[in-house]
Amino acid sequence: NLRPLTPQMDVTLFRSVQEAINNANKHSKASEVHIVLDFTNPELINLRILDNGIGSDNFDGGFGLIGMRERVKLIQGEIKFTSTKGEGFEIQITVPG
């Protein structure tokens with residue numbers, strides 16, 4: 001079930017999706033970006049963003065990803081980046097909710 005989010009959580013999730021789409025457009029040469037916002041667990045909210053682009057072996061230094069990591073941490077969430085060169089890019093965010 002959908003449930004109300006705090007303004008900070010709402011902005012954090014929105015900006016994370018916005019940054020992921022921006023990165024897919026700028027860097028990944030992706031033709032698709034899949035976004036899943038999952039409220040199934042009453043204790044958590046899960047956000048998964050996956051593109052089918054070129055992927056990367058190095059994704060520690062971009063300001064966008066650093067900003068995402070910092071915003072998610074501020075709301076006691078966890079963020080994980082997964083990618084393999086040639087196989088797309090995935091972002092998984094879990095926040096209390």
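We use all heavy atoms of the structure for the numbers below, so side chains are in, but hydrogens, waters and symmetry mates are not.
In this structure, I79 CD1 and E70 CD are separated by 11.0 Å, a value rounded to the nearest 0.5 Å.
A donor-acceptor pair under 3.5 Å is absent between the side-chain atoms of T84 and the main chain of E87, judged by distance alone. Between the side chain of S83 and the backbone N or O of S56 there is at least one donor-acceptor pair closer than 3.5 Å. Between the side chain of D51 and the main chain of A24, no donor-acceptor pair closer than 3.5 Å is present.
In this structure, P96 and Q76 approach most closely via the heavy-atom pair CD-O, 3.4 Å. The minimum heavy-atom distance linking V72 with E78 is given by the pair CG1-N, 3.6 Å.
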Open item on the list: Applying side-chain contact (heavy atoms from CB on, under 4.5 Å) to V17 and I49, what does each step give before you reach the verdict?
Closed with: CA-CA 7 Å; V17 170; I49 310 158; 4.0 Å; yes
Task: Candidate pair K80 and I91, rule side-chain contact (heavy atoms from CB on, under 4.5 Å), full reasoning - done: CA-CA 6 Å; K80 180 180 174 186; I91 302 167; over 6 Å; no
Open item on the list: Between L65 and N23, does the side-chain contact (heavy atoms from CB on, under 4.5 Å) criterion hold? Intermediate values first, please.
Closed with: CA-CA 9 Å; L65 297 181; N23 286 344; 3.7 Å; yes
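Taking the side chain as every heavy atom from C-beta outward, I93 and V95 approach each other to under 4.5 Å. In this structure, R69 and F81 have side chains that are in contact, with non-hydrogen atoms separated by less than 4.5 Å.
Residues passing the salt bridge (Lys or Arg N to Asp or Glu O under 4.0 Å) test with R48, sequence neighbours excluded: E90. The side-chain contact (heavy atoms from CB on, under 4.5 Å) search around I54 returns K29, not counting sequence neighbours. Remark: Q18 engages R15 in a side-chain hydrogen bond (donor to acceptor under 3.5 Å, both in side chains) (not counting sequence neighbours). Here L37 pairs with L13, F39, I45, L47 under the side-chain contact (heavy atoms from CB on, under 4.5 Å) rule; sequence neighbours left out. The side-chain hydrogen bond (donor to acceptor under 3.5 Å, both in side chains) test applied to T94 returns N46, not counting sequence neighbours. For N22, the side-chain contact (heavy atoms from CB on, under 4.5 Å) criterion is met by E19, K26, not counting sequence neighbours. Remark: E32 pairs with H34, N52 by the side-chain contact (heavy atoms from CB on, under 4.5 Å) rule, at least two apart or across chains.
A chain of hydrophobic side-chain contacts below 4.5 Å, direct or via other Ile, Leu, Val, Met, Phe, Trp or Tyr residues, connects I35 to M9.
Residues in residues 36-45 take part in no salt bridge (Lys or Arg N to Asp or Glu O under 4.0 Å) pair, two or more places apart or across chains.
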